[in-house]
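Below is one structure, written out as structure tokens, with a few remarks after it.
Worth saying up front: this structure is predicted, and the values here are computed from it rather than measured. The first residue of the sequence shown is numbered 1, and numbering continues consecutively from there. Reckoned from all heavy atoms, side chains included, excluding hydrogens, waters and symmetry mates.
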Amino acid sequence: MIRRGDDRAVTVQIGAILLLAIVFSALALYQVNAVPEQNRGVEFDHNERVEGDLLELRDSILTTGTTGTTQGVSIELGTQYESRVAAVNPPHPTGTLQTIESESNVTIEYPNSAADDTFETRQLVYEPGYHEYQNAPRTVVEHSLVYNEFDDAAVSVGEQQLIGSERITLLLLDGDLHEQTSGTASVSVESLDPVRTKTLESGTKLTLPTERIDRWTSEIDDTDGVRHVDSDPDDDTVTIELETEFELEIARVGVGSGGSSDSGFSIRSDRSSGDGNRTTGQYDISFDGVSGGAATCDSEAGCNYYVSSGSVASFEAIADAEAASFDFAYETTGNVTMESFDEDRDAGTVQLEATGDGTFDLFVSSGGSGESITVDVRQGVVVRSVEPLDPVEAGADLDVEITVENLHADDRTQNVTLLVDGDRDGSFDEVDSSEETIGTGETETVTLTYRTQGDDSPQIDVRGATDEDADGVVSTAEVYELDDLLDVRIVNTNAPVTEGETLEVTADVRQTWGADVTLEVDGDVVDATSVNEDGEVTLTWETNSGDAGDRTIIVTASGWFSAPSDSEVVTVDAEPDTLSVDEFTVDDQSGNQVDLDVDWTVSDSDGALETVTVSLENEAGDEVDSQRVDVSGTTASGETELRVRGNPDAQTYTVTVTVSDGESEIIRTETVEYAG
């Protein structure tokens, strides 16, 4: 017998080989196509993150240059690919951040001057080392501008901070930095030379070294007060001319290592003071002890001074020079917000208001030296308002309402004090005081009294203060004098009043043999009385609808020999509408005909509703349908049908709802587009 061969095993082997080939082909396609695309996404996302890091580095340079602090900034130079089981990644991409010496210097050319100021500076450049994101930009930090540099264009990342509103902030970079890694690098930023300041006149030219002239040209075109006047592609510089006066702040900042202070760092034609030219060269400065609104901290408190949250404090610096100019800056920590910061650089003073709970460092620099103090912002008992109950006659008591608030986390007992400056020359004398206990977070109003003097007319300044808020709040009080024989003064009104209400006018009358007192409103006498003794008298005017507006009132005291008077302008407000269309919707059911359902709700706070009229006008202004509904009470609602037959043309219709109480009405309208 002849036996046939069995080839079934061969078929199984061929199938396995084909399946394995398919798997390897799929892996190859995944490696060639999917892996590069996924890695490109990782690189693209990283590039966006590193842009944010470089903006933070730019901001740190600005802060360090203007405050004199030292900071460290983390920059994510490279990134990591995701781990793979069946595919292979290239090495993790790295990035390089380095300082590059500019080919030219920063130059300040002053108008009508043969001498210029010239300064060296550097640029910061980030170079990515991606494998797949082939057209990734090179990112440059240059004179506070961060921009992405592509092969044929440059795009800004954020706005330049060099030229602001009436101020130019120029930070010169020094130091050697060269960091290359696939991870995160820490970059140190330190102050080398503190801020120098001066006023730049209109016509001053500022020349900047740059890698992209076109980018700075575009930035200058979008900045007020300056214009682009020149570019030099050979030197890679752009020149800006000032069209108005700017205040220049210039300082040197170290990035990386190797930066050093420059003892000759200065600027020409420094700002002059009232005593002549500003002192140049090195000299010492310091803060001058306790200043207004601040108190000295205890030795173990960790601060130099403390202020109450929400109060105004002032600090003064002094210099070992006759004519110095001072530069102030601050940096807050904790939950502190600087609400205002007003500095007088020539006088060496700064007035500020800080709120919250924490501390702030206050810096001052001048003449190549500087000093800082730490100020603690505390939740204190502070004055919120001072309201004198004026006017009063000279010699009478003036009551003053002082409202204080306790910002502490516990109850506090404080002296609330009233001080008076009768000459209004800034010299206050304490006249009354009261010890008060105020609960945490509570507000309390304390009334204190001052007996006015004969020479206090016509005005005095009054100050309310507490132990923790010595500056407090200052208000002005009116003090008047009356003639010994016959005189009159308006001392109070209840204005503003609303139409229909009564205006009350209180007048102080001085008389000897009796007097007739009248009240006029815009020339018409509305009330009168007679008096036989000195003192206050009240006259009234019953206002009516239509009296709204500013009205001149005159109080006249008529005696035997004269008729003195006093006048004032008061306001009468219009009577508020009691009627209202509260809801108004139009449901368009139109087809070949206009078919509208109008839902409405109306109200009258006086409860005098009478009618609601719903009407429809065509584009020509003709009323084509109208429905009137009688209503009553304070509220009413309903649905009204409006119709137009006869296949009208396409046009805009106006729906009007009018609600009336018989004396007045309120109207609301809506438009409806009819397609025809």
Side-chain angles (χ1 to χ4, degrees), residues 63 66-69 164-167 195 247 249 287-297 301-317 326-365 371-387 401-409 412 414-419 421 426 428 438 440-446 461-476:
T63 301
T66 55
T67 65
T69 58
S165 176
E166 301 179 351
R167 179 167 296 188
V195 170
E247 192 74 10
E249 291 184 332
F287 283 100
D288 188 22
V290 178
S291 300
T296 304
C297 293
C303 57
N304 300 103
Y305 303 103
Y306 69 88
V307 296
S308 296
S309 175
S311 64
V312 177
S314 59
F315 295 88
E316 182 176 1
F326 302 82
D327 296 297
F328 294 91
Y330 66 88
E331 184 175 12
T332 62
T333 59
N335 185 29
V336 172
T337 301
M338 195 65 68
E339 302 292 346
S340 63
F341 192 81
D342 299 320
E343 54 183 322
D344 186 334
R345 297 183 174 184
D346 289 326
T349 60
V350 59
Q351 187 176 76
L352 54 87
E353 178 185 357
T355 59
D357 188 10
T359 63
F360 65 88
D361 290 326
L362 182 63
F363 305 91
V364 63
S365 61
E371 188 182 43
S372 67
I373 54 175
T374 299
V375 182
D376 191 12
V377 182
R378 302 180 181 179
Q379 304 293 307
V381 177
V382 298
V383 179
R384 291 307 188 199
S385 66
V386 174
E387 298 291 340
E401 295 180 346
I402 303 172
T403 301
V404 298
E405 182 179 4
N406 179 13
L407 301 177
H408 289 287
R412 291 298 171 102
Q414 292 273 296
N415 289 308
V416 181
T417 305
L418 173 65
L419 302 98
D421 177 8
F428 285 85
I438 305 103
T440 177
E442 293 184 357
T443 298
E444 185 171 333
T445 299
V446 180
D461 288 338
V462 293
R463 183 197 301 274
T466 67
D467 294 341
E468 295 179 338
D469 187 6
D471 284 346
V473 175
V474 176
S475 295
T476 299

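The structure places OG1 of Thr63 at 7.0 Å from CD of Glu331, a figure rounded to the nearest 0.5 Å. Distance CD/Glu405 to OG1/Thr440: 9.5 Å, rounded to 0.5 Å. Separation of atoms OG1 (Thr349) and CG (Asp288) is listed at 11.5 Å; rounding is to 0.5 Å. Atoms CZ and CD, on Phe328 and Gln351 in that order, are 12.0 Å from each other to the nearest 0.5 Å. Separating the CZ atom in Phe363 from the CD1 atom in Ile373 is a distance of 10.0 Å, to the nearest 0.5 Å.
Residues Glu468 and Val381 meet the side-chain proximity criterion, which asks for heavy atoms closer than 4.5 Å. With contacts defined as side-chain heavy-atom distances shorter than 4.5 Å, the pair Leu352/Phe360 qualifies. Put simply, the side chain of Ile438 does not reach to within 4.5 Å of the side chain of Arg412, judged on heavy atoms. Between Arg384 and Thr443, every side-chain heavy-atom pair lies at or beyond the 4.5 Å cut-off. With a 4.5 Å cut-off on side-chain heavy atoms, Thr337 and Thr332 do not count as touching.
For the pairing with Ser309, the side chain to side chain contact (heavy atoms under 4.5 Å, CB included) check across Thr355, Asp469, Val336, Val382 returns one residue only, Thr355.
Heavy-atom minimum distance, Ala313 versus Ala294: CB-N, 4.5 Å. The two residues Val383 and Ala465 have their closest heavy-atom pair at CG2-CA, 3.7 Å. Nearest approach of Ala354 to Met338, heavy atoms of both residues: CB-SD, 4.1 Å. The heavy-atom pair separating Gly356 from Val377 by the smallest distance is O-CG1, 3.6 Å. Taking all atoms of both residues into account, the shortest heavy-atom contact from Gly464 to Ile402 is CA-CD1, 3.8 Å.
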Please step through side-chain contact (heavy atoms from CB on, under 4.5 Å) for the pair Tyr305 and Leu362, ending with a clear verdict. CA-CA 11 Å; Tyr305 303 103; Leu362 182 63; over 6 Å; no
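Between the side chain of Ser475 and the backbone N or O of Val386 there is at least one donor-acceptor pair closer than 3.5 Å. With Asp467 contributing its side chain and Gln414 its backbone, the two residues share no donor-acceptor pair below 3.5 Å. Side chain of Asn304 to main chain of Val375: no donor-acceptor pair is present (N/O by atom type, distance under 3.5 Å, no hydrogens or angles).
Relative ring orientation between Phe315 and Phe287 is described as perpendicular, the plane-to-plane angle rising above 60° on a 0-90° scale split at 30° and 60°.
Side chain to side chain, Asp376 and Thr359 fail the donor-acceptor criterion of an N or O pair below 3.5 Å.
Crowding of Glu166 atom CD: a count of heavy atoms from other residues, nucleotides or ligands under 6.0 Å not exceeding 12.
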